[in-house]
Amino acid sequence: ELLANINGIRDPRVVRPGDQLKVLKGPFNAYVNLTRFELALYLNNLYAGRFHIGIGQDQETPEGIFTVLRKVENPTYYGQPGVVDKDDPQNPLGEYAIDLGNRIWIHGTNDPQSIGRADSRGCIRLADRDIKDVFQILTPKTERSSGSLVQIKR
């Protein structure tokens, strides 16, 4: 999907042999500034984009360096007040979630007003229009790849 977006291809299934594509060799990494409520993306130390975020209040978002472990499309929410199904508009995770381990996630939100505030239980929230892009760009750790790193600091 990322290559399709970079190349302006609406349907990735229509790419044919011989088509020329722009390819970016990753992985991309993310730097989260908790004080500024920002997530910035970099590719090989080159700036690639910036997004406004929401962060944790009740359980402060931890600082550190994390590796993207997995990505979940249409995640089910497990927490207070209980389980919220992936298709429920009340699901606070939105449509995309990126697992950084230790119960820390980068995810969408069903409350766009929470972006730019410390208003959650510790995760990093992005607006729906932004989480889809970040979800496509960051890569999980695999046997072949070290995966994207996410550095969180004040």
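Please read these numbers as outputs of a predicted model, since none were measured by experiment.
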Pair V72-W105, side chain to side chain contact (heavy atoms under 4.5 Å, CB included): steps then yes or no:
CA-CA 10 Å; V72 180; W105 293 75; 4.0 Å; yes
Quick one: does any side-chain atom of [X] pair with a main-chain N or O of [Y] as donor and acceptor, under 3.5 Å?
| X | Y | answer |
| --- | --- | --- |
| N33 | E38 | no |
| N91 | P75 | yes |
| R50 | L41 | no |
| T109 | L126 | no |
| T142 | S145 | yes |
| N110 | Q90 | yes |
| T67 | L149 | no |
| D119 | S114 | no |

Count I, L, V, M, F, W, Y as connected when their side-chain heavy atoms are under 4.5 Å apart, and connections chain through other members. Are [X] and [Y] then in the same cluster?
| X | Y | answer |
| --- | --- | --- |
| L93 | F51 | no |
| V150 | Y31 | no |
| I131 | I6 | yes |

Which atom pair, heavy atoms only, marks the closest approach of [X] to [Y]?
| X | Y | value |
| --- | --- | --- |
| A40 | Y42 | CB-CE1, 3.7 Å |
| F37 | R117 | CE2-C, 3.3 Å |
| P27 | G147 | CG-O, 3.7 Å |
| D19 | V14 | OD2-O, 4.2 Å |
| L34 | T61 | CD1-O, 3.7 Å |
| L138 | F28 | CD2-O, 3.9 Å |

Are the side chains of [Y] and [X] in contact, using a 4.5 Å heavy-atom criterion?
| X | Y | value |
| --- | --- | --- |
| V83 | T76 | yes |
| C123 | I104 | no |
| F66 | N102 | yes |
| N74 | Y96 | no |

task: Decide whether R154 and T35 meet the rule of one side-chain donor and one side-chain acceptor closer than 3.5 Å.
output: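 There is no such pair (donor and acceptor under 3.5 Å, judged by atom type) between the side chains of R154 and T35.
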Report the distance from atom [atom1] of [X] to atom [atom2] of [Y], rounding to the nearest 0.5 Å.
| X | Y | atom1 | atom2 | result |
| --- | --- | --- | --- | --- |
| D128 | D133 | CG | CG | 11.5 Å |
| N44 | L24 | CG | CG | 9.5 Å |
| K86 | E95 | NZ | CD | 12.0 Å |
| Q151 | L39 | CD | CG | 11.5 Å |
| F135 | H107 | CZ | NE2 | 13.5 Å |
| I53 | I106 | CD1 | CD1 | 8.5 Å |

- Please step through side chain to side chain contact (heavy atoms under 4.5 Å, CB included) for the pair V32 and K153, ending with a clear verdict. CA-CA 6 Å; V32 175; K153 65 179 183 173; over 6 Å; no
Contacts of P140 meeting side chain to side chain contact (heavy atoms under 4.5 Å, CB included) (sequence neighbours excluded), chain-then-number -> V68, K71
Those residues at least two apart in sequence (or on a different chain) that pass side-chain hydrogen bond (donor to acceptor under 3.5 Å, both in side chains) with N45 are none
